[in-house]
Amino acid sequence: MRRASIGIWLTCLAAWGSPALSAEANGTRGASFDPAAAERGRIALTLRGFLKPEWSAPAFATAGRLWDFPAPDFDRDPAAYRAAFERRYGLHPAPYPNDGLPMGLRRGINPDGTKSTGFQVDCMVCHGGSIGGRSYVGLGNTQLDLGALGRDLTTADGRRPPPPVFVVNTSRGTTNAGMMAAVLISLRNSDLSRRIVPLPLGASFAELDAPAWWLLKRKQTMYFDGRTNARSVRTNMQFMLGEKTLQQFKDLEPTFRDVREFLLSLEPPRYPFAIDTEKAERGRTVFSENCARCHGTYGPNGRYPSKIVPLDVIGTDPARAKGASDRLVAHYNTTWFAEKDPVNPRMIGYQAPPLDGIWATAPYLHNGTVPTLHAILDSSSRPRRFTRPPSTGFENYDTTRVGWKHREVSAAELAATARRSAFEAGFLVDTSRYGMNNDGHTFGDELTEDERMDLIEYLKTL
Ligand code: HEC
Ligand code: HEC
């Protein structure tokens, strides 16, 4: 039902990676970190476009006609229209100058290098989020309805959205970035020359939560399966496979090295509410005894092990880990993208992520199917079908269980909502869907409720 096609508006993304690196990262971005490059990277990422426009300027103004709620008049009140547009597709105000567009949309680049009036999506459509009314570059966008965004803008442009190749998202806030990358690379040969007939690579990813960028500096390996070198520059350039030639990729590599440095400079926002320090101190002990062996330690001498946990131990939904088929990895590894950082051909499971800023990144797990930290730590309490918050405002934030306030819904209610309104159905998560199971990670189940609450208090401090 909620499908869209691939096109160059489907940006990013690799979902596979490089050989497992040596033992333990020191929890810093490394000695070679270059602040001047990070500043150039910030400018490149937030102020410069890399792709041709996908939609004409009027598509932004007329998409409102396709909504199932009344749209403010674009000409009379552009700010109200933009706010409604942000609400409809789950976008956030840009915390940088962006030509009047929400974060995640950006004016495209004409063949002569000038700015087009038409526009595109960029990295921040998935990696730019907000919480408590503040936008952050690098916070995963947990509101995004990417399928509807692409479909509506194309329709508003007077074109028929291309036939669906895979499910982009069934619920808001998750996207099938893995399939986007897989489809784009299947349309290139090893030397990156274009193919008309896609290579049969057999990838089968489902939708995913976007990880916070501020975690990258602690990681040695990245992506949920930990098979890619976390310092790889070229992996972040795959989103341009819709249009760039090998030579253009080579020319842009230094810019994307700067972008990587910018990503390595990001810090998580601090928990903005009161923390009970005594409770948190007790929670620290619970954490070192039960969690640190996988998730590392925090504070000045924090160490993070970049540990990849086998699927049978972690027990979370296997679709993402198994979706990177051997043929996909093998093909990727023959291309320029993998020359310096080949993907580790061996699949193990999921990497235990660093938990810095974890308070701000609900819902949890790689598929965004657990609404609170409390539910992560008591697997029996996880809802099977539940609501996503109407916005990322603090009125929807649960400071006790830490994460999003939610309500469990029945299968019947879910089906009735889907019949009534695609917009409202986007706010419902159904963990019975492919790739969306929320079992596993049972490491908090044996804790007493007091220990669990102490641990949650500690997690607020990270
Ligand atoms: C369509 C949504 C989407 C877009 C657009 C997107 N990403 Fe991502 N990104 C994701 C998802 C989902 C993941 C997790 C993928 C996985 O591990 O399988 C991810 C992972 C990453 C990671 C690894 C983070 C980690 O800690 O493991 C980096 C780095 C990254 N993206 C950078 C970028 C950059 C740079 C751009 C723009 C050039 C971009 N992404 C565009 C969705 C997106
Ligand atoms: C055996 C290793 C292991 C242990 C022990 C462990 N975890 Fe995890 N944890 C993981 C892995 C792997 C994931 C990622 C699973 C996924 O996304 O499918 C994860 C995910 C999480 C997440 C979600 C992260 C996110 O960004 O969505 C949280 C929160 C978390 N763990 C907290 C804890 C706490 C607290 C403890 C201690 C009670 C703990 N974990 C114990 C391996 C472990």
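Ligands are counted one by one from 1 in listed order, and the atoms in each one are counted from 1 as well.
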Legend entry - Geometric cation-pi criterion Arg382 and Tyr364, 6.0 Å radius, 45° cone: no

Inset, instruction - Before signing off on this row, confirm whether Asn290 and ligand 2 have an N or O atom pair separated by under 3.5 Å. - result: no

Legend entry - Glu54 side-chain N/O to Phe119 backbone N/O, donor-acceptor pair under 3.5 Å: no

Inset, instruction - Indicate yes or no: does an N/O atom of Leu365 lie under 3.5 Å from an N/O atom of ligand 2? - result: yes

Legend entry - Main-chain N/O of Thr235 paired to Gln238 side chain as donor or acceptor, under 3.5 Å: yes

Inset, instruction - Report the part of Asn236 in contact with ligand 1, treating N, CA, C, O as backbone and CB onward as side chain, heavy atoms under 4.0 Å; options are side chain, backbone, both, neither. - result: both

Inset, instruction - Over all heavy atoms of both residues, which pair between Thr400 and Asp398 is shortest? Give the atoms and the distance, please. - result: N-OD1, 2.8 Å

Inset, instruction - Examine His441 against ligand 2 and note whether any of their N/O atoms are separated by less than 3.5 Å. - result: yes

Legend entry - Whether Gly178 lies under 4.0 Å from ligand 1, heavy atom: no

Inset, instruction - In plain terms, say whether Arg385 and Glu408 are close enough for a salt bridge, that is, a side-chain N and a carboxylate O under 4.0 Å apart. - result: no

Inset, instruction - Determine whether the side chain, the backbone, both or neither of Leu377 has a heavy atom under 4.0 Å from any heavy atom of ligand 2. - result: side chain

Legend entry - Where ligand 1 meets Thr175 - atom numbers and elements under 4.0 angstrom, heavy-atom basis: 1 (C), 2 (C)

Inset, instruction - Over all heavy atoms of both residues, which pair between Gly147 and Val168 is shortest? Give the atoms and the distance, please. - result: N-CG1, 3.8 Å

Legend entry - Electrostatic pair Glu457-Arg284, nearest N-O below 4.0 angstrom: no

Legend entry - Selection from Ile314, Leu311, Leu208, Thr372 by shortest heavy-atom distance to atom 15 (C) of ligand 2: Ile314

Inset, instruction - Please identify which atoms of ligand 1 are closer than 4.0 Å to at least one heavy atom of Cys126. - result: 1 (C), 2 (C), 3 (C), 4 (C), 5 (C), 42 (C), 43 (C)

Legend entry - Which segment of Val286 sits under 4.0 Å of ligand 2 when only heavy atoms are counted: neither

Legend entry - Per-atom contacts of ligand 2 with Pro353, taking only distances under 4.0 Å to non-hydrogen atoms: 13 (C), 14 (C), 19 (C), 20 (C), 24 (C)

Inset, instruction - Decide, yes or no, whether a salt bridge links Lys115 with Asp99 under the criterion of side-chain N to carboxylate O below 4.0 Å. - result: yes

Inset, instruction - Counting heavy atoms only, name the option from Trp213, Phe50, Phe205, Phe224 that's nearest to atom 33 (C) of ligand 1. - result: Trp213

Legend entry - Heavy-atom proximity to atom 12 (C) of ligand 2, best of Tyr350, Tyr458, Tyr364, Phe443: Tyr350

Legend entry - Donor-acceptor contact present, side-chain Arg107 to main-chain Gly118, <3.5 Å: no

Inset, instruction - Return yes when at least one N/O/S atom of His295 is nearer than 2.8 Å to atom 8 (Fe) of ligand 2, and no when none is. - result: yes

Inset, instruction - Nearest heavy atom to atom 26 (O) of ligand 2 wins, so pick from Val402, Asn437, Ile358. - result: Ile358

Legend entry - Nitrogen or oxygen of Ala212 less than 3.5 angstrom from that of ligand 1: no

Legend entry - Nearest-contact summary for atom 2 (C) of ligand 2 - protein heavy atom, Å: Cys294 SG, 1.9 Å

Inset, instruction - Go through ligand 2 atom by atom and flag the ones less than 4.0 Å from a non-hydrogen atom of Leu373. - result: 29 (C)

Legend entry - Contact check: Asp225 vs ligand 1, nitrogen or oxygen atoms, below 3.5 angstrom: no

Legend entry - Nearest to atom 8 (Fe) of ligand 1 - the N/O/S atom of His127, by atom name: NE2

Inset, instruction - For ligand 2, find out whether one of its N or O atoms is nearer than 3.5 Å to an N or O atom of Thr316. - result: yes

Inset, instruction - Report the C-alpha separation of Asp258 and Arg42 in whole Å, then their side-chain angles, then the decisive distance to 0.1 Å, and conclude whether the salt bridge (Lys or Arg N to Asp or Glu O under 4.0 Å) test is met. - result: CA-CA 8 Å; Asp258 292 344; Arg42 182 187 68 77; over 6 Å; no

Inset, instruction - Pick one of side chain, backbone, both or neither for how Ala177 approaches ligand 1, counting any non-hydrogen atom pair under 4.0 Å. - result: side chain

Legend entry - Salt bridge Arg384-Asp430, side-chain N to carboxylate O under 4.0 Å: no

Legend entry - Distance filter under 4.0 Å to Leu146 heavy atoms, resulting ligand 1 atoms: 1 (C)

Legend entry - For Met222, the ligand 1 atoms whose distance to one of its heavy atoms is below 4.0 Å: 23 (C), 25 (C), 27 (O), 29 (C)

Legend entry - Residue Phe239 vicinity, atoms of ligand 1 by number, heavy atom under 4.0 Å: 38 (C)

Legend entry - Basic-acidic side-chain contact under 4.0 Å: Glu243, Arg194: no

Inset, instruction - Can you figure out which of His366, Met124, Gln238, Arg320 has its heavy atom closest to atom 18 (O) of ligand 1? - result: Arg320

Inset, instruction - Run down the list Ala352, Gly349, Cys291, Ala321 and name the one with the heavy atom closest to atom 34 (C) of ligand 2. - result: Cys291

Inset, instruction - Assess Asp209 for proximity to ligand 1: is some non-hydrogen atom of it under 4.0 Å away? - result: yes

Inset, instruction - Scan Thr245, Leu184, Leu51 and name whichever one has a side-chain contact (heavy atoms from CB on, under 4.5 Å) with Met240. - result: Leu51

Legend entry - Whether Arg234 side chain and Glu339 backbone form a donor-acceptor pair below 3.5 Å: no

Legend entry - Check: Lys219 N/O within less than 3.5 Å of ligand 1 N/O: yes

Inset, instruction - Please confirm whether the backbone N or O of Glu451 pairs with a side-chain atom of Thr448, one donor and one acceptor, at under 3.5 Å? - result: yes

Legend entry - Check ion pair Glu449-Arg452 (N to O, under 4.0 angstrom): yes

Legend entry - Lys/Arg N to Asp/Glu carboxylate O, Asp454 vs Lys279, below 4.0 Å: no

